[in-house]
Amino acid sequence: MAAQGLKPSVPEKPDAPKRPGARRSATDFTLAFFLLFAFWVLFSGKFDPFHLSLGVVSCLIVAYISGDLLFSGSRLSRIPGLWFRFACYTPWLVWQVFLANIHVLYLVFHPKMMDLIDPKIIHFRSRLKDDMALVTFANSITLTPGTITVYVSVYGDFRVHAIDAPSGEALPGEMEERIARIFEP
Amino acid sequence: MKKAGLVIVLFFGGLLVYGTLDFPDWGDPTSPASLHVSPRYIEKTLEETTVPNMVTAILADYRGFDTLFETVVIFSAGLACFFLLRTRRKAPGTRHYRHRPTGIVLHIEKGGRLPDDSTEFERIDSLWVPHDLIIKATCRLIIPFIQLFALYVIAHGHHSPGGGFQGGVIFGAAFILYAVTHDLREGLQRLGERTTYAMCSIGVFIYAGVGTLCLFFRKNFLDYSALAAVLGVDPATARSHGILMVEIGVGIAVMAVMFAIYCNLSSVGKQDEGL
Amino acid sequence: MNILVTVLLACGLIIFTGGAVGILRFPDFYSRLHPAGKLDTMGLFMSMLAAALYTLEDLSLNAVLTSIKILLILVFVFITSPTATHAIMDAGVRADLAPWTKGERGSAQ
Amino acid sequence: MDTVFFYSGIYLCLLMLLSLYRAVFGPTVLDRLIGVNAIGTKTTTLLVLIGLLYHRVDMFVDIALAYALLNFIAVLAASRYFQKRKGLYDERPRG
Amino acid sequence: MIWQFDVVILTLVVISAIGAVTVKDLLGAVILFGAYSFMMCLLWAIMGAVDVAFTEASVGAGVSTVLFVAAVFRTTRRTRD
């Protein structure tokens, strides 16, 4: 990982638009605007016309400056289903995080903690393809039992630090299946 | 040297502590500030400016000159960074280009360069950091919300804590976050250098301009009730709107100055390879 | 309601305690990140849930919006905290910090 | 309920003291970073608790939200430093 | 009954300030200064100065640490004294 000087590196996907307005579709802009406006209403909590018009102006500005950051690389027709399935995934994730915390808590307060833990780094390759899927998977790994993602390549090679043996064995396992069901139905 | 410094610091610190002994107690109801100054603001602010958050009203209206010169101080901090650090000299060292389809890295020495708008090759930093998927994706997701939150803070300075300075800093932090996670060149493509400096001055200009506008209606500098005729509202509401305009000016100036300072500092003025 | 809030808050504090003690007790940098990254996030989850529930008590529009904002804190922390943990981990790997493994006790730092 | 919030706030402060130990005495810079990151999370919680104590959560929640959004910028910048500059043990004073 | 908060947080402020001054490594000092700004924000919040706390939060967490890290990145990590 350190000596990547001349090795053929991972080709970056040429998706990053070069300047604002270079590669932005109108649908992107509109969708970003409405999402941001929903958040504005949550932030603001004032519903008089003056503050709502301020909100419209602010959302237009933000959608113009960085609307291309929100949805780049995903097809718009999939987004409602994606969000719905993601919302279904979240409770399971929270439950897993809770179990993970019980586990780590047990480790922390165990008097012979040094004998229980056995940190090591494990490698595996995920079959997920989408960027957002990989990122979701990596962050879920970081949040759940005794494992932290060290590195993930664009092709889905994971390097994961596991605190003890049983927590490393479960990967990729069920979580990958669930995430695959979200992003690649 | 260290000991002498310690002695000097202790001496002046002791003087300061001795000076505070003459202060009225914290929250003393009979101190002059609580007897004369505070009640005036507490009673009259809502009536005179229709702004519920007294701090905002005092900062931008009653103490408008103070805030104007604070903004000027920040502006001159940005200018100082620019004059001290910015160089026009291009970096003569090795440039690194990556061929996009194959991922091969070229090293071109002694000031040689490929065209910047090439689709096949892209510039990368000489201290190269690999493509980190997680950090980039998270930042893409979070930056629009940081910016929206910053604008919310500016717009709602009247009702909740916040205002131009805080909102501007948060907005600048969003750009700095982009420049940290991607690289400085991409950040500068998003908010160009000329635009940044233009926005520094535009922010201060808005503040001073609103104040000057009041002069044309035969009121004092920064007395926003003069704007009532233009805006078509009563004087108290006009003061609240004037405060909002001033806050927007402060926000623009602070945002641009923060980003300019970061760019100059992290690239030693070359605006080329950052942190 | 108050009992539920208190229980949630107590759970959050216990988890926070686990995080703080874990940061002190674990042998090396990499394993210290586990309690720091996970337990703090979960402790925040519990205590923010308690705060949101407590705010909801008088059930006006303002209170509902405030508790939604408290939940938004949660959402953002759940997005950013794993990323920060990953970034620190990545920095450690790049700085060539040797991980502690069993059998070579004491050679961690 | 105020008493509960008050004592949990004090308790959180004491926990911060523990994290601060790691931040002040941590053998490497990255340990300090872990400690400060943990302190940041606790600060977010504590701000909301203070808001509950003063019965003005709507004021304090904005600050907590700002912390939730901005807390990791510093961590990202510091880790970026280590991606570009190698070497961790710069702490020993020279001579 | 808020004064207990004041005492605890002032202790934390002093500890992190002394730590930030005495640490030899400048990057460590920058990170400890981040902790110091957290504590100051809490202190302002407890005193009821919400706007100042907000300023401290946004400047301390968002900008100043990044600027200091950038400065250390471009200069040196060791102090001379």
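Heavy atoms only: backbone and side chains are in, while hydrogens, waters and symmetry mates are out. This one's a predicted model, so the numbers in the text were calculated from it and none came from an experiment. Residue numbers begin at 1 in each chain, while the letters A, B, ... track the order of the sequences.
With a threshold of 4.5 angstrom between heavy atoms, C:S81 does not approach chain A through any atom at all. Within the 4.5 angstrom heavy-atom criterion, only side-chain atoms of C:T41, from C-beta onward, approach chain A. Looking at A:F39, the atoms closer than 4.5 Å to chain C (heavy atoms on both sides) all sit in the side chain, from C-beta outward. With a 4.5 angstrom heavy-atom cutoff, C:F45 touches chain A only via side-chain atoms. Contacts between A:Y106 and chain C at a heavy-atom distance below 4.5 Å are absent for every atom of the residue. Only the side chain of C:I68 has a heavy atom closer than 4.5 Å to any heavy atom of chain A. Heavy-atom distances place the side chain of C:L61, and not its backbone, under 4.5 Å from chain A.
Environment of CZ in A:F109: crowded, with over 12 heavy atoms of neighbouring residues, nucleotides or ligands closer than 6.0 Å. Within a 6.0 Å sphere centred on CZ of A:F98, heavy atoms belonging to other residues, nucleotides or ligands number 12 at most. Within 6.0 Å of the OH atom in A:Y89, the count of heavy atoms belonging to other residues, nucleotides or ligands exceeds 12. Other residues, nucleotides and ligands contribute at most 12 non-hydrogen atoms within 6.0 Å of the CZ atom of A:F84. Around CH2 of A:W95, the count of heavy atoms belonging to other residues, nucleotides or ligands within 6.0 Å does not exceed 12.
Across all their heavy atoms, C:M42 and A:V97 have their closest contact at SD-CG1, 3.6 Å.
Put simply, the side chain of C:K69 never gets that close to the backbone of A:L42: no donor and acceptor are under 3.5 Å apart.
With chain A as partner, the option from C:P82, C:P35, C:G19 having the largest number of non-hydrogen pairs under 4.5 angstrom is C:P82. Chain C forms more heavy-atom pairs under 4.5 Å with one residue of A:I102, A:V41, A:N101, A:V135 than with any other, namely A:N101. Interface check for chain C: of the options A:I148, A:T142, A:V94, A:L105, the most heavy-atom pairs under 4.5 Å are formed by A:I148.
With rounding to the nearest 0.5 angstrom, the NE2 atom of C:H34 is 9.5 Å from the NE2 atom of A:H103. Between atom NE2 of residue C:H86 and atom CD1 of residue A:I141 there is a gap of 11.5 Å, rounded to the nearest 0.5 Å.
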**OP:** Starting from the C-alpha separation in whole Å, work towards a yes-or-no answer on side chain to side chain contact (heavy atoms under 4.5 Å, CB included) for C:Y30 and A:V150.
**Re:** CA-CA 10 Å; C:Y30 294 100; A:V150 179; over 6 Å; no
